[in-house]
Amino acid sequence: LAAFLVSRAMETSATVGLSAEQAAALEALKTDHTALDRVPAEFQHKRSFILAAVRVRASALASAAPELREDRDFILQVVQIRGESLGFAAESLQLDKNFILSVVRQWGLALEYVCAEFRREPEVVLAAVGSDPNALKFAAEPLLADYSFV
């Protein structure tokens with residue numbers, strides 16, 4: 001019962017401040033991953049709508065306007081909600097080591113969604129493991145095989 005109540009509270013808070021049309025789009029997104037393809041273009045630019053959509057489905061970030069997908073602070077917010085959304089951020093952010101360090105320090109398990117190059121980087125892996133020891137399972141094999149690292 002408690003889990004249900006928490007879930008309902010999150011759903012309700014996700015739609016606070018959204019229009020009826022935006023709330024309906026979020027409801028459709030629960031069962032149709034293509035629902036955001038049919039929303040008005042201005043929804044793609046609304047931070048509150050995209051954040052609410054990411055709560056429903058991580059891939060919703062792919063429908064965000066490019067300027068949102070390139071916004072470091074916005075993507076950090078998104079990753080706090082659904083870490084797996086990192087894979088839908090702008091490529092420039094996904095390839096920015098300093099940004100990735102910020103992400104994995106906040107949510108270590110995001111290491112699963114970073115590019116292979118960074119999963120081989122000791123600095124990135126250590127930052128992720130410092131946040132969540134379970135992140136080690138997402139480190140690249142060569143790094144795990146290095147006894148001086150492990």
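Here, residue 1 is the first one in the sequence, and each next residue gets the next number.
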What is the minimum heavy-atom distance between V54 and A60, and which atoms define it?
N-CB, 3.9 Å
Correct closest heavy-atom pair for A25 and A35 would be O-CB, 4.3 Å
To the nearest 0.5 Å, how far apart are CZ in F118 and CG in D96?
7.0 Å
If you count every heavy atom of other residues, nucleotides or ligands that lies below 6.0 Å from E42 atom CD, does the total exceed 12?
yes
Among I100, V78, L111, V104, which residue meets the side chain to side chain contact (heavy atoms under 4.5 Å, CB included) test with L86?
I100
Taking all atoms of both residues into account, what is the closest heavy-atom pair of A90 and E70, and its distance?
CB-CG, 3.5 Å
If you compare all heavy atoms of Q44 against all heavy atoms of L68, which two are closest, and at what distance to 0.1 Å?
O-CD1, 3.4 Å
Check the surroundings of atom NE2 in H33: do more than 12 heavy atoms from other residues, nucleotides or ligands lie under 6.0 Å from it?
no
Start with the C-alpha distance between R38 and D32, add both sets of side-chain angles, then the distance that settles side chain to side chain contact (heavy atoms under 4.5 Å, CB included), and finish with yes or no.
CA-CA 11 Å; R38 297 181 296 282; D32 178 3; 2.4 Å; yes
Derivation and outcome, side chain to side chain contact (heavy atoms under 4.5 Å, CB included), residues E84 and E112:
CA-CA 8 Å; E84 58 271 33; E112 179 179 7; over 6 Å; no
Rounded to the nearest 0.5 Å, how far does SG of C115 lie from CZ of R120?
8.0 Å
Which distance, rounded to the nearest 0.5 Å, do you find between the OG of S102 and the CD1 of I75?
13.0 Å
Separation between CZ (F88) and CD (Q94), nearest 0.5 Å, reads 9.5 Å
Within-4.5 Å side-chain heavy-atom neighbours: F138 and L109
yes
Could you tell me whether the side chain of I50 reaches within less than 4.5 Å of the side chain of F74, counting heavy atoms only?
yes
Starting at CZ of R72, measure out to CG of L76 and round the result to the nearest 0.5 Å.
7.5 Å
Closer than 4.0 angstrom, basic N to acidic O: yes or no for E27 and K30?
yes
For the backbone of V79 and the side chain of S85, can you confirm whether one donor and one acceptor N or O come within less than 3.5 Å of each other?
no
Please find the pair of heavy atoms, one from F49 and one from F43, that lie closest to each other, and give the distance.
CD2-O, 3.5 Å
Between CZ on residue R82 and CG on residue L61, distance to nearest 0.5 Å:
11.5 Å
Show your reasoning for whether side chain to side chain contact (heavy atoms under 4.5 Å, CB included) applies to R119 and L143.
CA-CA 8 Å; R119 286 185 276 129; L143 197 56; over 6 Å; no
Taking all non-hydrogen atoms of both residues into account, name the closest pair between S63 and L36 and its distance.
OG-CB, 3.5 Å
